[in-house]
Amino acid sequence: MSLEKNLLPQNLQGFKIHFVGIKGTGMAALVEICYARGAVITGSDVPERFYTDAILEKLNIKPFTSFSAQNVADDVQLVIYSSAYKLDQNPDLIEAQKKNIPILLYTQALGEISALTYSCGVSGVHGKTTTTGLVGTLIKSLNLPAQVLAGSIISSFDDKCTLNNGNDFFVAETCEYQRHFMAFHPQKIILTSVESDHEDYYPTYESIRDAFVDYAKLLPAGGQLIYCADEAGACEVAEIIEKQRPDVELIPYGVTAKGDYQLTVGKIEDGKQYFRIAAFDGDFYLKVPGIHLLRNATAACALACELLKTSAQQKASAIPGMTETFLCLKNGFASFCGAKRRSEIISMLKAPAKKAVQDEKILQNLQNVKNKGILVMDDYAHHPTAIKTTLEGLRLFYPDRRIIVDFMSHTYSRTAALLDQFAASFSAADVVILHKIYPSAREKYDGTVNGKVLFEKTKENHKNVVYYEEILDALPYVKEILQDGDLFITMGAGDNWKIGKAIVDDFEKLEN
């Protein structure tokens with residue numbers, strides 16, 4: 001089916017849209033954006049309850065819990081669908097085609113929204129969601145008239161995926177997979193990182209790097225590429241853009257950056273990470289762990305400040321003073337508590353009495369954090385770099401806690417391509433638990449790399465690694481080794497978060 005352009009009107013008031021796969025994270029976020037602009041929305045999905053159901057309930061949207069031709073009313077003016085569903089297989093989509101209702105893929109719809117507004121894309125192999133959440137948090141604190149769409153629930157967005165603070169600007173997390181971000185219309189781009197990933201689509205580093213180059217080339221003359229000066233891939237893209245598009249403004253950020261957005265990492269004290277950004281005279285702090293988060297915060301600061309300048313230019317008004325801006329940014333950073341599945345604290349548990357611990361180092365750590373409970377966390381990190389930086393951040397933030405990580409790798413192709421990096425990424429953890437690989441519908445297992453291969457390779461780098469094929473088979477082991485003061489974190493894009501939930505449920509039963 002050929003897709004027309006500009007299927008979304010500038011004014012969505014009363015415009016009727018049906019979403020197929022409405023419970024997906026990105027889809028639910030797009031629903032929020034369209035709803036805030038006045039659209040009348042219906043949708044369909046599977047009956048299983050997801051965290052996005054709560055988002056839809058806040059909007060008084062009750063999705064159909066099965067797919068059917070009857071879901072698509074005659075007065076629907078546009079259908080938007082998730083890439084998880086096929087035009088020739090899904091009953092809703094087949095019916096829409098029979099009725100000649102225009103249809104857009106999610107990424108195409110996001111692109112059309114971006115074409116209607118002064119838009120900014122947040123991109124990179126790592127850190128997109130957190131950076132987008134930080135941008136929105138700063139926009140809220142600065143009271144800039146913008147909508148922001150993140151790839152997960154952000155606590156400072158009132159536990160939603162989007163911030164709706166006006167329509168002058170639109171900021172969205174944009175995805176590199178299958179070059180989806182090429183449908184976006186950016187005026188400014190944040191580029192956090194470029195590394196080999198999505199090997200089923202990008203077989204080489206150069207192929208994914210070139211995709212980011214092409215994305216940056218979508219910027220208009222005078223557009224801005226805000227890139228991480230600490231990250232080799234992002235710098236390489238910036239260098240290519242400088243040669244091919246000298247009309248694009250390059251704005252570096254990070255520890256090694258020169259200029260307004262140079263980052264200086266400060267101390268960690270009382271659950272706060274302090275840092276400075278060169279443009280401002282004073283300390284900021286975040287309450288979430290990891291130096292990589294400070295880089296994300298600096299990127300967010302750069303985009304927010306550049307949008308502040310753009311807003312002032314558009315309205316022919318003065319830019320707020322540095323002191324006023326600093327205080328708004330400082331309050332914004334202080335209010336940021338992270339995103340769902342990004343070092344998300346699930347629970348603080350009271351540990352039952354256990355037998356004596358023999359390991360002197362672990363015993364000393366446990367004595368240091370006596371009666372502090374077991375901290376249970378969950379994180380979406382599924383690339384070796386993200387795993388390594390997240391665990392190192394937690395180690396700095398919680399120096400006296402023993403870190404037990406339960407990791408489930410996602411996709412055979414990624415695991416095979418980055419096997420050595422995965423195996424070496426857990427050095428900051430005390431105990432590592434591994435499982436079978438969480439497969440993707442987009443690939444088939446070729447019989448080479450599996451969870452046990454990753455386990456054997458990881459043992460070469462870490463002295464305390466165990467393997468359980470099925471997730472919940474590890475539950476008795478975890479319950480046995482957990483001690484007061486431990487940090488237990490599930491990591492990955494699979495469904496091993498279920499063991500964290502099971503631990504919380506079981507320990508809470510013991511308390512009651």
Kindly determine whether Asp379 and Thr490 satisfy side chain to side chain contact (heavy atoms under 4.5 Å, CB included), including the steps that lead there. CA-CA 6 Å; Asp379 195 278; Thr490 50; over 6 Å; no
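- The line from CZ of Phe326 to CZ of Phe284 is 5.0 Å long, rounded to the nearest 0.5 Å.
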One pair to check against side chain to side chain contact (heavy atoms under 4.5 Å, CB included): Lys188 and Leu303. What are the steps and the verdict? CA-CA 8 Å; Lys188 305 179 194 296; Leu303 179 55; 3.7 Å; yes
Please walk me through it: do Tyr118 and Thr310 pass side chain to side chain contact (heavy atoms under 4.5 Å, CB included)? CA-CA 10 Å; Tyr118 188 108; Thr310 301; 3.8 Å; yes
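- Within a 6.0 Å sphere centred on CD of Gln70, other residues, nucleotides and ligands contribute 12 heavy atoms or fewer.
- Residues Ser152 and Tyr380 have side chains that never bring a donor and an acceptor to within less than 3.5 angstrom of each other.
- The closest side-chain donor-acceptor pair between Tyr81 and Gln108, if any, does not fall under 3.5 angstrom.
- We find the OG-CZ distance between Ser196 and Arg414 to be 9.5 Å, quoted to the nearest 0.5 Å.
- No side-chain heavy atom of Lys98 sits less than 4.5 Å from a side-chain heavy atom of Val72.
- Looking at Ser413 and Tyr201, their side chains never bring a donor and an acceptor atom within 3.5 Å of each other.
- Between the side chains of Thr42 and His18, at least one donor N or O lies within less than 3.5 Å of an accepting N or O.
- Lys330 NZ to Ser141 OG: the interatomic distance, rounded to the nearest 0.5 Å, is 12.0 Å.
- Sparse packing is recorded around NZ of Lys501, with 12 or fewer heavy atoms of other residues, nucleotides or ligands lying under 6.0 Å away.
- Cation-pi geometry between Lys272 and Tyr285 is met: under 6.0 angstrom from the ring centre, within 45 degrees of the axis.
- Around atom NZ of Lys160, more than 12 heavy atoms belonging to other residues, nucleotides or ligands sit under 6.0 Å away.
- Between Lys498 and Glu470, none of the side-chain N atoms (NZ, or NE/NH1/NH2) sits under 4.0 Å from a carboxylate O, so this pair counts as no salt bridge.
- Annotation: Lys62, atom NZ; neighbour count of heavy atoms from other residues, nucleotides and ligands within 6.0 Å does not exceed 12.
- Under the 3.5 Å distance criterion, with hydrogens and angles disregarded, no donor-acceptor pair is assigned to the side chains of Glu231 and Thr192.
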Step by step, work out the side-chain hydrogen bond (donor to acceptor under 3.5 Å, both in side chains) result for Ser114 and Ser119. CA-CA 5 Å; Ser114 71; Ser119 296; 4.7 Å; no
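- The aromatic ring centres of Tyr202 and Tyr177 sit 6.0 Å or more apart.
- Between Tyr85 and Phe67, the gap from one ring centroid to the other is short of 6.0 Å.
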Walk me through whether Ser156 and Ser335 qualify under side-chain hydrogen bond (donor to acceptor under 3.5 Å, both in side chains). CA-CA 7 Å; Ser156 50; Ser335 70; 5.4 Å; no
Please report the C-alpha distance between Glu195 and Thr385 in whole Å, then the side-chain angles of each, then the deciding distance to 0.1 Å, and finally whether the side-chain hydrogen bond (donor to acceptor under 3.5 Å, both in side chains) criterion is met. CA-CA 9 Å; Glu195 284 191 76; Thr385 301; 2.7 Å; yes
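- Residues Ile113 and Leu30 are in side-chain contact: their nearest non-hydrogen atoms beyond the backbone lie under 4.5 Å apart.
- When only modelled atom types and interatomic distance are considered, His126 and Asp197 share no side-chain donor-acceptor pair under 3.5 Å.
- A distance of 9.0 Å separates CD1 of Ile33 from CG of Leu110, quoted to the nearest 0.5 Å.
- Among pairs with a residue in residues 25-52, those fulfilling salt bridge (charged side-chain N to carboxylate O under 4.0 Å, His left out) read Arg49-Glu57, at least two apart in sequence or across chains.
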Check step by step if side chain to side chain contact (heavy atoms under 4.5 Å, CB included) holds for Cys305 and Leu329. CA-CA 9 Å; Cys305 289; Leu329 293 171; 4.0 Å; yes
